[in-house]
Chemist: 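Okay, handing you the structure first.
These numbers come from the heavy atoms of this one structure, side chains and all, not from hydrogens, waters or symmetry mates. Owing to the predicted nature of the structure, the values given are computational and were not obtained by experimental measurement.
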Amino acid sequence: MTTASAVETVFRIESARIIAGVTRIVRDVGIAEEIAQDALVAALEQWPESGVPEKPAAWLMATAKHRAIDLVRRKETYARKLAEVGRSLEDIPPPEPPGVDDIDDDMLRLIFTACHPVLSTDARIALTLRLLGGLTTEEIARAFLAAEPTIAQRVVRAKRSLARAGVPFEVPYGPDRAARLDSVLEVIYLVFNEGYSATAGDDWLRPALCEDALRLGRVLAALMPGEPEAHGLVALLELQTSRIPARTGPDGRPVLLADQNRTRWNQLFVRRGFAALGRATERGGTPGPYVLQAAIAACHARAIRYEDTDWATIAALYGQLVAAVPSPVVELNRAVAISMAEGPGAGLELVDALAAEPALKDYHLLPSVRGDLLARLGRTAEAREEFRRAAGLTRNERERELLLERAEEG
């Protein structure tokens, strides 16, 4: 590995921690990211001559923090900045990394800052992947099939919005914490879902996004071990990730759950998912939406064959989920579970009741599910029409091919 490659590898791994540590000093994530990039440039200039340091991450952190201190001193008087920050910047030891507790606190603050509700959902996702995922603007644009300038502007606007709103670099407490945590969990979940079932494009899966989301989820759960929903989200993502090898065929075409070869499900992720779900339930209290979804995923993981699935339990869990977070999409999933537990007629009755829901007007899975239920009832012509309608609504090419195939099969 070349020195440049070593620098880039270390920075990719440590960039979020460096940005978090610098943000504590400058109180602005945009400036903190620029300073972290300056430290990267310094490493690219110095390491080829001096060699890679024994502790490269500590070197980058120390370099970035000293540049941050210099910036603070230039912008305001030293005494005023000391009062604002509340600690002596002189006490930061240049050659050694900060304590583990400090790093953890700063990482948690950065997660809550990047996912602040003052930003739009798209802005939160882009900024989180940029600051915490270590992705370049080009990589984010490619993952979400967006133009690179669009993503770049989104990230810049997000940083400006945080600065303009005066969002504090802190972990909220009291009643604000639950709302902010919901935002953080939502962003991680949305990133994972875009990788797990891409909304558009030629690929059904984008595993790199799933990996980024799972890594962020694990970091969050480790930083907030007392939050059951953080563990619930990790459990859900671990269990969903276990199925990825079986979700596409050799040609990249989607493979439905009923047709998947379950011997290809990754049992390491299954075990991790069960362990995370155990940590979530140990915390007690009423299960939240991510714990409930993880429990549903666990039911699937326990079934050796599709036919062995405990659909009655899954339907009951979806009932709890609807009560926790009322949503027509969750109702649609519940209808599928009921159709498997009680028969396609019972499921179709529930699906038809959802037909007038405005939120499902252009949702391709509504006619897809209805087509499946009609096919199971032997109403072939109607099923074909529903599959064709679903194919016309989806923006994913692989999914469109599958739906048109199902329409032809009748």
Side-chain angles (χ1 to χ4, degrees), residues 13 100 104 107-108 111 132-133 181 184-197 204-249 254-318 320-321 324 333 337 340:
I13 295 170
V100 173
D104 287 352
M107 282 288 288
L108 198 54
I111 290 173
L132 291 152
L181 179 60
V184 173
L185 295 172
E186 178 192 26
V187 167
I188 295 173
Y189 189 45
L190 288 172
V191 171
F192 182 88
N193 277 346
E194 185 58 32
Y196 195 70
S197 298
W204 173 242
L205 289 169
R206 294 181 191 137
L209 277 181
C210 293
E211 292 169 8
D212 284 322
L214 182 52
R215 180 170 57 81
L216 290 173
R218 288 171 178 165
V219 168
L220 180 64
L223 295 175
M224 305 185 73
E227 293 288 348
E229 279 290 81
H231 295 292
L233 177 63
V234 172
L236 175 60
L237 302 193
E238 299 276 13
L239 291 168
Q240 297 286 66
T241 298
S242 74
R243 301 184 206 166
I244 286 178
R247 294 191 76 240
T248 54
V255 178
L256 298 175
L257 181 63
D259 302 322
Q260 288 176 16
N261 178 357
R262 297 191 174 209
T263 63
R264 297 190 65 203
W265 287 8
N266 188 312
Q267 292 305 306
L268 174 60
F269 286 106
V270 170
R271 290 193 294 274
R272 285 176 173 170
F274 286 154
L277 183 56
R279 289 191 290 273
T281 55
E282 284 169 5
R283 269 63 184 173
T286 303
Y290 294 107
V291 174
L292 289 170
Q293 289 179 82
I296 292 168
C299 284
H300 289 296
R302 291 189 186 100
I304 297 174
R305 302 175 304 160
Y306 184 75
E307 296 77 13
D308 300 328
T309 306
D310 185 354
W311 289 107
T313 296
I314 290 175
L317 288 166
Y318 270 120
Q320 294 180 56
L321 188 58
N333 287 326
M340 298 303 298

Chemist: Does F274 have any ring pair (Phe, Tyr, Trp, His ring centres under 6.0 Å) partners at least two apart in sequence or in another chain, and if so, which?
Modeler: none
Chemist: Would you give the length of the straight line joining atom CD of Q240 to atom CZ of R247, rounded to the nearest 0.5 angstrom?
Modeler: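 Interatomic distance, Q240 CD to R247 CZ, rounded to 0.5 Å: 7.5 Å.
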Chemist: Y189: which residues meet the ring pair (Phe, Tyr, Trp, His ring centres under 6.0 Å) condition with it, sequence neighbours left out?
Modeler: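 With neighbours one apart ignored, the set is Y290.
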Chemist: For a quick test of reading the model, state the closest non-hydrogen atom pair linking A337 to I314 and the distance between them.
Modeler: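 Between these two residues, the closest heavy atoms are CB-CG2, 3.8 Å.
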Chemist: Would L220 and L108 count as a side-chain contact (heavy atoms from CB on, under 4.5 Å) here? Give the steps.
Modeler: CA-CA 7 Å; L220 180 64; L108 198 54; 4.0 Å; yes
Chemist: Is there a side-chain contact between L223 and I111, using heavy atoms and a 4.5 Å cut-off?
Modeler: yes
Chemist: Verify, without hydrogens or angle tests, whether R279 (side chain) and P225 (backbone) share a donor-acceptor contact under 3.5 angstrom.
Modeler: no
Chemist: Tell me whether D259 contacts the main-chain N or O of L256 through its side chain, where contact means a donor paired with an acceptor under 3.5 Å.
Modeler: no
Chemist: Is the backbone of A221 close enough, under 3.5 Å, to the side chain of E227 for a donor and an acceptor to pair up by distance?
Modeler: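 Not confirmed, E227 side chain does not pair with A221 backbone.
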Chemist: Looking only at heavy atoms, what is the nearest atom pair of A246 and Q260, with distance?
Modeler: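 Of all heavy-atom pairs spanning A246 and Q260, the closest is O-CG, 3.4 Å.
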Chemist: Ignoring hydrogens and angles, tell me if any N or O in the side chain of E194 forms a donor-acceptor pair with the backbone of L190 under 3.5 Å.
Modeler: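 No; zero donor-acceptor contacts below 3.5 Å.
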Chemist: I would like to know whether Y306 and R262 meet side-chain contact (heavy atoms from CB on, under 4.5 Å); could you show each step before the answer?
Modeler: CA-CA 9 Å; Y306 184 75; R262 297 191 174 209; 3.4 Å; yes
Chemist: Is the closest side-chain heavy-atom distance between V291 and R283 below 4.5 Å?
Modeler: no
Chemist: Working to the nearest 0.5 Å, report the span between CG of L214 and CG of L209.
Modeler: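 L214 atom CG to L209 atom CG measures 12.5 Å (nearest 0.5 Å).
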Chemist: Measure across L236 and A294 and return the closest heavy-atom pair with its distance rounded to 0.1 Å.
Modeler: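 Distance-wise, the nearest heavy atoms are N-CB, 3.7 Å.
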Chemist: Evaluate the side-chain contact (heavy atoms from CB on, under 4.5 Å) criterion for residues H300 and L257: first the C-alpha distance (whole Å), next the side-chain angles of each, then the deciding distance (0.1 Å), finally the verdict.
Modeler: CA-CA 9 Å; H300 289 296; L257 181 63; 3.7 Å; yes
Chemist: Please examine the side chains of P228 and T281, heavy atoms only from C-beta on, and report whether any two atoms are closer than 4.5 Å.
Modeler: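 No, their side chains stay 4.5 Å or more apart.
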Chemist: Taking atom CG of L185 and atom CG of L216, what is their separation to the nearest 0.5 Å?
Modeler: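 If we round to the nearest 0.5 Å, L185:CG and L216:CG are 11.5 Å apart.
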Chemist: Decide yes or no on side-chain contact (heavy atoms from CB on, under 4.5 Å) for I244 and N266, but give the supporting numbers first.
Modeler: CA-CA 8 Å; I244 286 178; N266 188 312; over 6 Å; no
Chemist: Would you compute the distance between atom CD of E211 and atom OG1 of T241 and round it to the nearest 0.5 angstrom?
Modeler: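 E211 CD to T241 OG1: 8.5 Å, rounded to 0.5 Å.
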Chemist: Taking all heavy atoms of L292 and all of A324, pick out the closest pair and write down the distance.
Modeler: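 Shortest heavy-atom contact: CD1-CB, 4.4 Å.
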Chemist: Write down the atom of L321, the atom of Q293, and the distance for their closest heavy-atom approach.
Modeler: CD2-CG, 3.8 Å
Chemist: Hey, could you give me the CG/CD distance between L268 and E238, rounded to the nearest 0.5 Å?
Modeler: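 Spacing of CG (L268) from CD (E238) equals 8.0 Å.
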Chemist: Please name the pair of heavy atoms, one in L239 and one in V270, separated by the smallest distance, quoted to 0.1 Å.
Modeler: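 Closest approach of L239 to V270: CD2-O, 3.8 Å.
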Chemist: Using the six-membered ring of Y196, assess whether NZ or CZ of R243 lies under 6.0 Å from its centre and within 45 degrees of the ring axis.
Modeler: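 Verdict for Y196: no cation-pi partner in R243.
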Chemist: So how far is it from L233 CG to L181 CG, rounded to the nearest 0.5 Å?
Modeler: 9.5 Å
